[in-house]
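First listed ligand is number 1; within each ligand, the first listed atom is number 1. Sequential numbering from 1 along the given sequence is applied to the chain's residues. Values below: all heavy atoms of this structure, side chains included; hydrogens, waters and symmetry mates excluded.
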Amino acid sequence: MTYDKHYYDGAWQASSGTETIAVISSATEQEFARVPRGSADDVDRAVKAARRGFESWSRLGVEERAQWLEKLAAAMKTRVPLIAEAIAHEVGTALGFATKVQAEFPIMMIGMNAKFIREAKLEEELGNSLVIKEPIGVVGCVTPWNYPLHQAVCKIGPGLAAGCTVVLKPAEMAPLSAFMLAEAAHEIGLPKGVLNIVSGSGRVVGEAIVAHPGVDMVSFTGSLTAGRRIASVAGDGIKKVCLELGGKSAFIVLDDAPFEKAVPAGVNNCMQNSGQTCSAWTRMLVPRLRQEEAIDAAKAQLAKLTLGDPFDKNTRLGPLASAGQRDTVLGFIEQGKKDGATLVAGGGRPSHLATGFYVEPTIFANVSNTMAIAQEEIFGPVLSIIPYDSEADAIAMANDSPYGLAGGVWGGTPERALDVAKQMRTGQVDINGGRFNPLAPFGGYKKSGIGREVGPLALEEFFQLKSIQR
Ligand code: NAD
């Protein structure tokens, strides 16, 4: 799976330097691929190609762009097993989940953007004005490692559909699916300069993309720390930014909720992809009087989530993506113990899995919302059960977070759950088991970000408005 070139201007291009990045398998701790470590020169060439590509791509008819996206999705479909295998290695995602959620789902979303742009209303008469939605230009995309193809597609799908061209830098730890996207684009003969990919570090390649005067907009998914830096570099160039950052989402289990359904759903949500999910419900708020019941139900559900080799078909939770990630998560677990939270499951490295970046799925109870494990994004399989005394208390604690990405509510009636959901300062809330909807906009309040991705409304981020008076 090794790639030795970047992809821009419709061709595979030699890197300006000879340095490379090793891609490490999270289960074996061994290197299993390499990609080039690019430089600002590579970025410059890729951005120039994207600018040239924009001239014709932005003027192409909507139907033609839609058809290109459908062709791209079809070419990606043939690569599903390879993508899933790569991401199982890179991220540690169990292969079955990787196949469906890390490969098939984002590929479906590429195709959905064809439908969205066909149905978009791009012109509107307002008084004596014709208001036109035009593509914003060249978009610099920088993505994280946890759902690597999904996050790239969340930007490239609507961006290309809207008529923008893109330069993408994938995460160092999980770059391979981006290269497969380039292979697919090349195979279908996607016009030159439309999709450009340069791999490398955030500080060098990422910042060069963000700062490049030829880039009109930056779409970033990743940590709050990098998001802050990107927003300030982009601000210098007065560029639009779309930021999809971290989360510390709360799941409120109301006192009349069916615990036998709600608690397992909360555990599954928190532990998905071994907790390496930005929208994970890492705080479970339960009525104080029913905390013991919630702990028992949570432990019973956790016991069903087998930890192991991502390539074993019985595995539900694989290792974490890197040694660094594992150590960060273990550090938070130690902090939780020190701060006086009650450890009710897990709490360390599993003794039977000596190789691989494994952490036991962990549950703390009696957590106070002020503890580090309740305030900071851990990005690993750690659930904090937080007792509350009243519904108002639960809502206040849910909102007492720097983040506002996602959340959940389970109540005895949909009406009560909806009423609580409306009081949560967060970009999405699932009530009484509501499922993820690829038509609904996704994004954060507060420090979880700026802008929205996913669904037809995501297109709006990639347009700007022109008013023509007549
Ligand atoms: P990260 O911020 O370390 O890196 C993300 C990307 O940004 C990488 O490609 C990295 O190389 C690049 N980067 C880092 N510093 C940069 C800089 N100064 N300039 C330009 N690029 C830079 O994040 P990560 O560890 O890869 O991902 C985990 C984080 O992503 C978590 O905080 C998670 O919540 C967040 N995330 C958010 C969403 C969402 O939709 N809101 C989705 C997935 C992940």
Atom 9 (O) of ligand 1 sits nearest the protein heavy atom T143 O, 2.7 Å
Short version for E207: what comes under 4.0 Å of ligand 1, heavy atoms counted, is both
Closest to atom 31 (C) of ligand 1 among protein heavy atoms sits E377 OE1, 3.3 Å
Angle class for the F251/W281 ring planes (parallel below 30°, perpendicular above 60°, tilted otherwise)? parallel
**Message:** Within the structure provided, determine whether C154 and V454 are in side-chain contact (heavy-atom separation under 4.5 Å).
**Reply:** yes
The answer for which part of E453 has a heavy atom under 4.0 Å from ligand 1 is neither
Smallest heavy-atom separation, G246 atom then E377 atom, equals CA-OE2, 3.4 Å
Here the atoms of ligand 1 under 4.0 Å from any heavy atom belonging to V142 are 6 (C), 7 (O), 9 (O), 12 (C), 21 (N)
**Prompt:** Hey, is atom 4 (O) of ligand 1 under 4.0 Å from any protein heavy atom?
**Reply:** no
- Task: Can you label the angle between the F179 ring and the Y3 ring as parallel, tilted or perpendicular, going by 30° and 60°?
- Result: parallel
Query raised in the report: Taking N or O atoms only and a 3.5 Å limit, does S201 qualify as a polar contact for ligand 1?
Result: no
Note: L245, heavy atoms under 4.0 Å from ligand 1, region reported as backbone
Heavy-atom nearest pair, S16 first then R45, reads CB-NH2, 3.6 Å
Atom 27 (O) of ligand 1: closest protein heavy atom, distance to 0.1 Å, is P144 CB, 3.3 Å
So the atoms of ligand 1 within less than 4.0 Å of a heavy atom of L405 turn out to be 41 (N)
A student comparing W145, Y403, F379 should find that the heavy atom closest to atom 24 (P) of ligand 1 comes from W145
Within the 4.0 Å heavy-atom cut-off, what T221 brings close to ligand 1 is both
The answer for which part of T225 has a heavy atom under 4.0 Å from ligand 1 is neither
Counting from 1 in the order shown, the ligand 1 atoms closer than 4.0 Å to a non-hydrogen atom of F220 are 2 (O), 5 (C), 6 (C), 7 (O)
Filtering C278, C154, P170 for the heavy atom nearest atom 36 (N) of ligand 1 leaves C278
Heavy atoms of V329 and F379 approach each other most closely as CG2-O, 3.8 Å
Within 4.0 Å of some non-hydrogen atom of I230, the atoms of ligand 1 are 19 (N), 20 (C), 21 (N)
Any donor-acceptor pair under 3.5 Å from Q276 side chain to N146 backbone:
no
Quick note on ligand 1: atoms under 4.0 Å from a heavy atom of N146 include exactly 43 (C), 44 (C)
Decide yes or no for V267 and P264: does some side-chain heavy atom of the first lie under 4.5 Å from some side-chain heavy atom of the second? no
What one should report as the nearest heavy-atom pair of A88 and P310 is O-CG, 3.8 Å
For Q325 and I378, the nearest pair of non-hydrogen atoms, with its separation, is NE2-O, 3.8 Å
Within 4.0 Å of some non-hydrogen atom of A226, the atoms of ligand 1 are 2 (O), 14 (C), 15 (N)
Under 4.0 Å from one or more heavy atoms of R229, ligand 1 contributes atoms 18 (N)
For atom 1 (P) of ligand 1, the closest protein heavy atom turns out to be S223 OG, 3.5 Å
Under the ring-ring contact (aromatic ring centres under 6.0 Å, His included) rule, what do Y147 and F105 come out as? Steps first, then yes or no, please.
-> CA-CA 11 Å; Y147 291 90; F105 185 75; 9.6 Å; no
- prompt: Within the side chain of K239, is there an N or O that forms a donor-acceptor pair under 3.5 Å with the backbone of H212?
  reply: yes
Honestly, for F442 the part within reach of ligand 1 (heavy atoms, under 4.0 Å) is side chain
Atom 35 (C) of ligand 1 has as its nearest protein heavy atom G222 O, 3.2 Å
Looking only at protein heavy atoms, what sits closest to atom 10 (C) of ligand 1 is E172 OE1, 3.7 Å
If you scan protein heavy atoms around atom 22 (C) of ligand 1, the nearest is G202 CA, 3.4 Å
The answer for which part of V233 has a heavy atom under 4.0 Å from ligand 1 is neither
field: Sub-4.5 Å side-chain heavy-atom contact between V367 and I385
entry: no
Checking heavy atoms under 4.0 Å, the part of Q151 that sits near ligand 1 is side chain
